[in-house]
Amino acid sequence: MCDGITGQTIDIIEDRRLDNLIKYFYYYDYKARSRVRFIIIDMYSPYISLIKKMFPNANIIIDKFHFTQLISRSLNKTRIMVMKKK
C-alpha cells in the first residue's frame, strides 16, 4: 500500500487472500476506514469485494496499466476473430 499523494509506502501486506486482507484491515477502526476516499487497484475481483465491505466511502479506480492491458487484449482478440472470418 502506498500514499496516493506522496507515493510513500504505508505497508507491505504479505498475502493477497481475501480472508487475510479482511483481518488486516480490521486493525483500522471503522472511522479511519470511512475516511478513505479513493483506492487504486488492479482488477483482482477479491479486492473489489473487500473495498466495498471495508471502505464504505471509497471510490474504486482501476490502475491505468491494467486498464490499458485489458483494452489491448480485447482489441487483439477482436482483430484475430475478424481476420479468421476473411
Side-chain angles (χ1 to χ4, degrees):
M1 293 186 305
C2 70
D3 184 299
I5 296 170
T6 65
Q8 290 186 328
T9 300
I10 296 169
D11 200 358
I12 297 173
I13 304 172
E14 295 180 28
D15 190 340
R16 68 185 227 155
R17 289 179 290 189
L18 186 58
D19 57 333
N20 290 328
L21 291 172
I22 290 170
K23 286 179 198 173
Y24 175 86
F25 285 113
Y26 268 128
Y27 286 116
Y28 297 93
D29 66 16
Y30 181 82
K31 187 176 178 180
R33 289 184 281 118
S34 294
R35 290 194 310 257
V36 174
R37 297 288 176 232
F38 300 97
I39 298 178
I40 301 171
I41 59 170
D42 64 20
M43 293 178 285
Y44 183 57
S45 62
Y47 289 165
I48 295 170
S49 61
L50 169 81
I51 293 165
K52 288 179 180 179
K53 178 176 184 170
M54 303 297 291
F55 302 94
N57 298 315
N59 293 296
I60 299 171
I61 301 169
I62 304 300
D63 72 87
K64 64 182 175 183
F65 171 80
H66 288 92
F67 183 73
T68 304
Q69 186 180 47
L70 174 67
I71 291 171
S72 178
R73 285 181 181 162
S74 297
L75 287 171
N76 215 18
K77 281 183 180 180
T78 302
R79 181 186 60 79
I80 291 169
M81 185 177 65
V82 168
M83 287 178 65
K84 285 182 176 181
K85 287 183 179 182
K86 288 185 176 186

Find the distance between CD1 (Ile62) and OG1 (Thr68) and round it off to the nearest 0.5 Å.
-> 12.0 Å

Same apolar cluster (I L V M F W Y, side chains within < 4.5 Å links), Ile48/Ile40 | no

Take atom CZ of Arg37 as the centre, draw a 6.0 Å sphere, and report whether it contains more than 12 heavy atoms from other residues, nucleotides or ligands.
-> yes

Less than 3.5 Å apart, which donor and acceptor atoms pair up between the side chains of residues 17-25 and the rest of the protein, not counting sequence neighbours?
unit_1: Arg17; atom_1: NE; unit_2: Asp15; atom_2: OD1; d: 3.1
unit_1: Arg17; atom_1: NE; unit_2: Asp15; atom_2: OD2; d: 2.9
unit_1: Arg17; atom_1: NH2; unit_2: Asp15; atom_2: OD2; d: 2.5
unit_1: Asn20; atom_1: ND2; unit_2: Asp15; atom_2: OD2; d: 2.5
unit_1: Tyr24; atom_1: OH; unit_2: Asp11; atom_2: OD2; d: 2.4
unit_1: Tyr24; atom_1: OH; unit_2: Tyr28; atom_2: OH; d: 3.4

Report the residues that fulfil side-chain contact (heavy atoms from CB on, under 4.5 Å) with Ile5, sequence neighbours left out, ordered by chain and then residue number.
-> Asp3

Output for pair (Ile13 CD1, Met1 CE), nearest 0.5 Å, gives 4.5 Å

Least distance between heavy atoms, Arg33 atom then Met54 atom = NH1-O, 2.9 Å

Tell me whether Ile61 is reachable from Phe55 by hopping between hydrophobic residues (I, L, V, M, F, W, Y) whose side-chain heavy atoms are closer than 4.5 Å.
-> no

Any Ile60 side-chain heavy atom under 4.5 Å of Ile39 side chain | no

Cluster question for you: counting only ILVMFWY and a side-chain heavy-atom cut-off of under 4.5 Å, with indirect links fine, are Ile12 and Leu50 together?
-> no

Considering all heavy atoms of both residues, which atom of Ile10 and which atom of Cys2 are nearest to each other, and what is their separation?
-> CD1-C, 3.7 Å

Kindly indicate, with the supporting measurements, whether the criterion side-chain contact (heavy atoms from CB on, under 4.5 Å) is fulfilled by Tyr47 and Arg16.
-> CA-CA 9 Å; Tyr47 289 165; Arg16 68 185 227 155; 3.6 Å; yes

Hey, what do you get for OG (Ser74) to NZ (Lys77), rounding to the nearest 0.5 Å?
-> 6.5 Å

Among all residues two or more places apart in sequence or in another chain, which pass the side-chain hydrogen bond (donor to acceptor under 3.5 Å, both in side chains) test with Asn76?
-> Arg79

Could you walk me through whether Val36 and Asn57 pass the side-chain contact (heavy atoms from CB on, under 4.5 Å) check?
-> CA-CA 6 Å; Val36 174; Asn57 298 315; over 6 Å; no

